[in-house]
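Throughout, a chain's letter reflects where its sequence line sits, starting with A, and its residues are numbered from 1.
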Amino acid sequence: MDSAFIRALKLLISLDHEIYQIVSVSVRLALTSTLFASILSIPAGILLGFSRSRFLRGIKIILNSLMAIPTVVVGLFVYSLLSRTGMFGSMGLLFTRTAVIIGQTLLIFPIITSMVLSVIQSVDPVLKETLTSYGIKGSRKNLIILREVKTQILLAIAAGFGRVIGEVGVSMMLGGNIRWYTRTITTSIALETSKGNFEQGLALGIVLLIISLGINLILNVSVKHEA
Amino acid sequence: MKHKSIIIKQLHFSYTPQEPVLAISKMQISSGSVTAILGGNGTGKTTLLKLIGGILDSDSGCITFNHNERTLYVHQNPYMLKGTIEQNIRLLLKDSLHSSEGNPDPVRIKNVLNRMGFDDYAHRQVHKLSGGEKKRVAIACALLADRDIVLLDEPTAHLDDQSILQLEELIKELRNSGKTVVLATHDQSFAYRLANEVWQLENGVPVMFDYNYLHGNISSTDEYFSYFSCGGVELKVVPARESVNTAVIDSKDIIISRHPIDSSAQNTHTGVVTLIEERENTVLLEVDCGFTIRSSITRRSVDTLEIERGTEVYVIFKTSAVRLY
């Protein structure tokens, strides 16, 4: 095991072209899907957070259920839409990076939406009372509330990114794990480990760990700075 | 008599139908004065302030304001927006701070912050402020917001003696600038030192204390008494420390007479009746003796003594009836 770990480190230090291509694809796909999911889910979360709809409770239950949905189920759902016989089969998107981005976006949409919704709903009631007392209403009131919770919204985005960078089901089913194209860190780890090629799997695992630690570090610093 | 700034009639409020919090048939708060609302935890003080401040809506009844006066409610633990003191003021008061150029007036902000003791600290991050400093910032905002009625919820909570003294000065400043201040507190001493009127909330029902709150200072002390000076008149009180600035006398402890009485009571002052107000079982007289004092007597006494507005009377009370704060 020691030697496999050392070989994994050597692989990383030697700047192995394939490893860094896989990392690059993973990060780009994760960033793109997080961006698209954020564009959709942050406004949705904000709208729901400020909404007083009587359906809100039901929507929250659905969102919370979707948060826990297995990645392969999302993969299967999108697969059924993009496969040759599916609704969007004619677009030829299956086993492309676009398909992975669609799947990952759908995967984290409920996560970010639900987190933003909870953040807004759990705002200190004293803040709302203070703004009401100062006669601050409507969009200006909401903007000030959003200013107060922007760090938590950032944390929701980070949680979404963390989910997609570490998922395997969507990438495998919709990307097809195609070498030099849709192979990601997690699909590659699964493949290389099944082949007995531990050092490459370990090297990619280390990269995944570093990315995860890096995100948490940046968030920690920004939260501390804000506090 | 001062006109009323806030008139509350037939006000009912409950958070749940089973537990009524407030039931007020009538309550009036004088304009340009400090009114204290006393009561223990859960008696409805905060709820009442929030109803006056428009943060809560009542189940029934009405609250009317003199000339559409605007309120500002200051929470007992004021919420500070993230950022500096100045950013807080600018964000909260964006609409009321506009100068002719359409931007918040920095000179006015600076002046108020200076008065609040924040001359060098406007750029301080609010999360580094102590509880007392946060309250001072909240009061600074109230001064800048230029609201007619300022509602302070438990203003002395979590404050040290020094901060309470600073707060008292700020409240006096608000009153002196013509604002109506309503404060909810369980600190009786604080209430008596500042208030012109005190109400006690008992199970959601406000009861007005017919106390006299005389503000002045101890001018001298001799072998028997201290002399409390107010309105150019000296009251004989029990020997007291010099820091005393308020004398409280229950209106029921004030004797009204048409002639001087030879008795153990050490305070006898002449005055003119300026107001006769019928109460449920008593009559409240307001007498101008150089300072204004109220006495609660029976209808029979009013009739027997033939008291009318303008009647000259003697106001008599014991030294021990004066409580000092």
Atom OH of residue position A:Tyr79 - does it have more than 12 heavy atoms of other residues, nucleotides or ligands inside 6.0 Å? no

Gap separating the NZ atom of B:Lys82 from the CD1 atom of A:Ile144, nearest 0.5 angstrom: 13.5 Å

Measure the spacing between CD of A:Glu129 and CG of B:Leu56 and express it to the nearest 0.5 Å. 7.0 Å

Do we see a donor-acceptor contact under 3.5 Å between the side chains of B:Tyr79 and A:Glu148? yes

Check: B:Arg70 side chain, A:Tyr134 main-chain N or O, donor-acceptor pair, under 3.5 Å: no

Tell me whether the count of non-hydrogen atoms from other residues, nucleotides or ligands lying under 6.0 Å of CG in B:Asn203 goes above 12. no

Before giving the answer on side chain to side chain contact (heavy atoms under 4.5 Å, CB included), spell out for B:Lys94 and A:Ile136 the whole-Å C-alpha distance, their side-chain angles and the decisive distance to 0.1 Å. CA-CA 9 Å; B:Lys94 194 172 175 242; A:Ile136 299 168; over 6 Å; no

Side chain to side chain contact (heavy atoms under 4.5 Å, CB included) for A:Val126 and B:Asn77? Distances and angles first, verdict last. CA-CA 8 Å; A:Val126 179; B:Asn77 295 311; over 6 Å; no

Select, from B:Ile55, B:Thr71, B:Leu151, B:Leu81, the one with the greatest count of heavy-atom pairs under 4.5 Å involving chain A. B:Leu81

To the nearest 0.5 Å, how far apart are CG in B:Leu91 and CZ in A:Arg140? 7.0 Å

Part of residues 97-105 of chain A lying next to chain B, heavy-atom separation under 4.5 Å: none

Should we count CG of B:Asn176 as having more than 12 external heavy atoms under 6.0 Å? yes

Residues of residues 5-19 of chain B contacting chain A, heavy-atom criterion under 4.5 Å, by residue number: none

Find the distance between OG1 (A:Thr132) and OH (B:Tyr73) and round it off to the nearest 0.5 Å. 11.5 Å

List the steps, then state whether side chain to side chain contact (heavy atoms under 4.5 Å, CB included) holds for B:Leu92 with A:Leu131. CA-CA 7 Å; B:Leu92 289 174; A:Leu131 297 177; 3.8 Å; yes

